Amino acid sequence: MSPIIPRKMDTFRTFYDFSELKAYLKNERAGQSIGLVPTMGALHEGHLSLVKKAHVENDVVVVTIFVNPKQFNNQTDLKKYPRTIEKDLELLSEFKNVLICTPNERAVYPKNDPYKPVDLGRLNEVLEGKYRPGHFDGVAHVVHNFFHFIQPNRAYFGLKDYQQFAVIKKMTRQSNLKVELVGCETIRNKSGLALSSRNQHLNNKELEDTLVIINTLNFIKENQRKYNIVELKENAIAHFKKSPLILEYLEIVDSESFEKLERIGPNSVCCIAAYCGEVRLIDNIAL
Ligand code: AMP
């Protein structure tokens, strides 16, 4: 079901399905460049930084708000996912030339689904791919269908979800889609915690505890020349394990292939996933 949007808030263009959106773009926005920002809602400054960048670089911006069931490997996580549509619309109402699309599942995944599954290879086997089976297939599927139905010139993604961006690049290449992909820097709170819709489930004590994530990433970056890679990871993991967070992985990989590295090079990235209570958090730093 589409979220119910109060009329008083519908002062800017909101679309519930792609045919309506496409007709509007064709008739009212012919020849204009389209920037797409896919989101699952519960918007924060991280999402808005993508919207702002898209706004500067395109004539019109489409923000999709769709909590994609296919990318949740855990049904409790899907149920618990924050849904704040009224606040989202209010935040987006600040922008001119921003269209909002809140499609339902049937619109995103029609009977005649245009998606031909792509082979994500190693990306599906390591880090997020390993710990969230099926997640990236769901991400590739939904983003493919958005590209297919909306046909944007550019699409904007956060580098907080570093491996997700690699998945989208691979899907776009394999599906032969002509859209420019733009990776955007991670927006953090004052303490350095990457903004995430899931952070709203954290209490003040937990918010403080999460600082171990950015501290560990900074430790890796600052000490990358001091230790060899094995010692560097061991030291970082030992430091992390003193915190109340439960570390799922800390790995240093090549930013394209996601292969584990024996030596840090110019395209290395350190990725972390950890649980703070029930909340799963990810972050990364380029080395
Ligand atoms: P989500 O709603 O979590 O699917 O995120 C929608 C988009 O916003 C994705 O491309 C995310 O990578 C991006 N995003 C989420 N959090 C941040 C952040 N803190 N900084 C920059 N981009 C972000």
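Whatever order the structure lists ligands and atoms in, that order sets their numbers, starting from 1. Only this structure's heavy atoms are used, side chains among them; waters, hydrogens and symmetry mates stay out. Please read these numbers as outputs of a predicted model, since none were measured by experiment. We count residues from 1, following the sequence as given.
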Just jot down the ring pair (Phe, Tyr, Trp, His ring centres under 6.0 Å) partners of F219, sequence neighbours excluded, or say none.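 By the ring pair (Phe, Tyr, Trp, His ring centres under 6.0 Å) rule, F219 matches no residue at all.
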Set of residues satisfying ring pair (Phe, Tyr, Trp, His ring centres under 6.0 Å) with respect to F165, sequence neighbours excluded: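 F165: no ring pair (Phe, Tyr, Trp, His ring centres under 6.0 Å) contacts found.
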Do E256 and R122 sit within salt-bridge range, that is, some charged N less than 4.0 Å from a carboxylate O?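 Looking at E256 and R122, the cut-off is not met.
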Cation-pi between K70 and Y109: NZ/CZ under 6.0 Å from ring centre and within 45° of the ring axis?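 The answer is yes; both the distance and angle limits are met.
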Are there any N/O pairs under 3.5 Å between ligand 1 and the protein, and if so, what are their distances?
| from | atom 1 | to | atom 2 | distance (Å) |
| --- | --- | --- | --- | --- |
| ligand 1 | 2 (O) | M40 | N | 2.9 |
| ligand 1 | 2 (O) | H47 | NE2 | 2.9 |
| ligand 1 | 5 (O) | H47 | NE2 | 3.4 |
| ligand 1 | 10 (O) | G158 | N | 2.9 |
| ligand 1 | 12 (O) | G158 | N | 3.2 |
| ligand 1 | 12 (O) | G158 | O | 3.2 |
| ligand 1 | 12 (O) | D161 | OD2 | 2.6 |
| ligand 1 | 16 (N) | L195 | O | 3.4 |
| ligand 1 | 19 (N) | I187 | O | 2.9 |
| ligand 1 | 19 (N) | L195 | N | 3.4 |
| ligand 1 | 19 (N) | L195 | O | 2.9 |
| ligand 1 | 20 (N) | I187 | N | 2.9 |

Only counting residues at least two apart or in another chain, list the ones meeting salt bridge (Lys or Arg N to Asp or Glu O under 4.0 Å) with K53.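 For K53 the salt bridge (Lys or Arg N to Asp or Glu O under 4.0 Å) partners, ignoring immediate neighbours, are E57.
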Under 3.5 Å, is there a donor-acceptor pair linking the side chains of H141 and N68?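 There is no such pair between these side chains.
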